[in-house]
Amino acid sequence: MLQVAFIRENKDAVIAALAKRNFDATQVIEDVLAFDESRRSIQAELDSTLSQSNKLSKEIGQLFKSGEREKANQLKEETGQLKERSKQLTEQLNEKAEGLTQLLYQIPNVPHESVPQGNTDEDNEEVFREGDVPQLGDKALPHWELAKKYDIIDFELGTKVTGAGFPVYKGKGARLQRALISYFLDKNTEAGYTEYQPPLMINEASGYGTGQLPDKEGQMYYVGADDLYLIPTSEVPITNLFRNEILSEDRFPICCTAYTPCFRREAGSYGAHVRGLNRLHQFDKVEIVRVEHPDESYKALDAMVDHVKNILRELKLPYRILRLCGGDLGFTSALTFDFEVFSTAQDRWLEISSVSNFEAYQANRLKLRYKDKNGKSKLAHTLNGSSLALPRVLAGILENYQTDEGIKVPEVLIPYAGFDTIS
RNA sequence: GGAGAAAUGGCAGAGUGGUCGAAUGCGGCAGUCUUGAAAACUGUUGAGGGUCACACCUCCGGGGGUUCGAAUCCCUCUUUCUCCGCCA
């Protein structure tokens, strides 16, 4: 969430920037400032009330020590009023603080100045494109047909065991999947990211920390018996590793990578566009997460974009990079670049990575801070990106690498896969 | 799952209900000494709110309670350790 002090000092700029998301913040920001104002004045009154009663308590202690019991008992009666008053004030204060937090939860992150105005994904700005689209003509099969033809992914079998959206990979399909995971992790660790294996379930506090809660509750699988959620992405457990931390500046940059399955309910999204691997309830993803000094976070974002570019270049897949417009930008993000791979047979672009800078928005919820040179605690910046999301990369490979002899394995993956063709 | 013990500042570790935000040691930082370093000595060293700056307020795992007053007493939750049971 945004910092109240920041809102107070940049009220008009915040409202103007949020307008790029088509979010009219005028009223909610008025409310925030009003709540903050009254919160602070209540706090001041409570403080002085407590101060008085602290003073009296000390006096009473002294009087008991010196044996002046009557005088002490007199003072005791005085404290009653103060106690009552501070109880009232505390209640009011909690009310205001709670109200303030609720309001702040409703305000999305302020978009970076480079974020274009826009409403939908149509308005995203293409900033880069690379790779040749193979000319396959009408023979091109979509990946779900290829998967069936070569018997490497079974969608029906997953339906039997669990339900729709839980595919079963088999044989060379499973092996190729594992090859991709290893390859991605190797690329990431070579680039300086430390590999983690985090828990696949998170508690409520973690969900709030990265912004999945309270709003996107319905997107996560909930394990009621133990009050836990299945992770929708490893961003959540990895970023939360740093919740409630005060780092020394020399810890930066913090670079983490993790492979995990991801679980998403995807409530309400069914139809032609979710066929095959396009949209799943369970999928594998290798993620990169960074915690950065605020002065360095945009450099870090560029580095992450370059890193993902390199991987796609090595895989020789046709892809493009989009700068998301205000309307398509995630709630917690300040700037996001989406990577899309071209799906030849479907004749459409598939999102395979989303690289974002959250600036201090998550850090504020996480209480993730660092100590600056003057010994002051400041909020750090958090970033993350996929490198990469497996199913759609796999879909891209299957479709773009299909030949009459079978599906060729991208050169860089052959050592990992142990074969060069799926036939 | 059952029985018991514990949770204090970066770490270790004291703390009789009343100058305890907290002794002491280590670590960190600054200084003295030194050509420089080490050692030694001196000082300093938690977080949040609030203020122009002070004052002041809150925080001793989380939440609640008793009391004029709680790190200290009570309830509850969480976590850790030991023993037993179960188990990949």
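All chains are named by letter (A, B, ...) in the order of the sequence lines, taking the proteins before the strands, and each is independently numbered beginning at 1.
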Could you pull out every donor-acceptor pair under 3.5 Å between side chains of residues 383-397 of chain A and any protein atom, sequence neighbours left out?
unit_1	atom_1	unit_2	atom_2	d
A:N384	ND2	A:E235	OE1	3.3
A:N384	ND2	A:E235	OE2	3.3
A:S386	OG	A:S354	N	3.2
A:S387	OG	A:N188	OD1	3.1
A:S387	OG	A:N188	ND2	2.8
A:R392	NE	A:N278	O	2.8
A:R392	NH1	A:E351	O	2.7
A:R392	NH2	A:N278	O	2.8

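Each salt bridge (charged side-chain N to carboxylate O under 4.0 Å, His left out) pair with one or both residues in residues 81-109 of chain A, not counting sequence neighbours, appears once here: A:E45-A:R85. Residue pairs that meet the salt bridge (charged side-chain N to carboxylate O under 4.0 Å, His left out) test with at least one member in residues 165-188 of chain A, sequence neighbours left out, are A:D151-A:K170, A:K187-A:E314.
A gap of 15 Å separates the P atoms of B:U58 and B:U72, to the nearest Å. Taking atom C1' on both nucleotides, B:G15 is separated from B:A37 by 40 Å, rounded to a whole Å. A gap of 46 Å separates the C1' atoms of B:C86 and B:C20, to the nearest Å. For the P atoms, the distance linking B:A55 with B:A47 amounts to 16 Å, nearest Å. Rounded to a whole angstrom, the distance from the P atom of B:U78 to that of B:C26 is 39 Å.
At distances below 3.5 Å, not a single donor-acceptor pair connects side-chain atoms of A:N10 with backbone N or O atoms of A:A13.
Using a 4.0 Å cut-off between charged nitrogen and carboxylate oxygen, A:D36 and A:R39 count as a salt-bridge pair. Salt-bridge annotation for A:E145 and A:K148: absent, with no side-chain N of the basic residue lying under 4.0 Å from a carboxylate O of the acidic one.
Using cut-offs of 30° and 60° for the angle between ring planes, the A:Y370 and A:H293 rings count as tilted.
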Item to check | B/S/- contact track for nucleotides 46-58 of chain B, protein heavy atom under 4.0 Å | outcome: SSSBSS----SSS
Checklist outcome for this item: Reading nucleotides 59-75 of chain B from 5' to 3' and marking B where a protein heavy atom lies under 4.0 Å of the base, S where only the sugar-phosphate is that close, and - otherwise, the string is ---------BS------
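Not counting sequence neighbours, the partners of A:Q27 by the side-chain contact (heavy atoms from CB on, under 4.5 Å) test are A:E30, A:D31.
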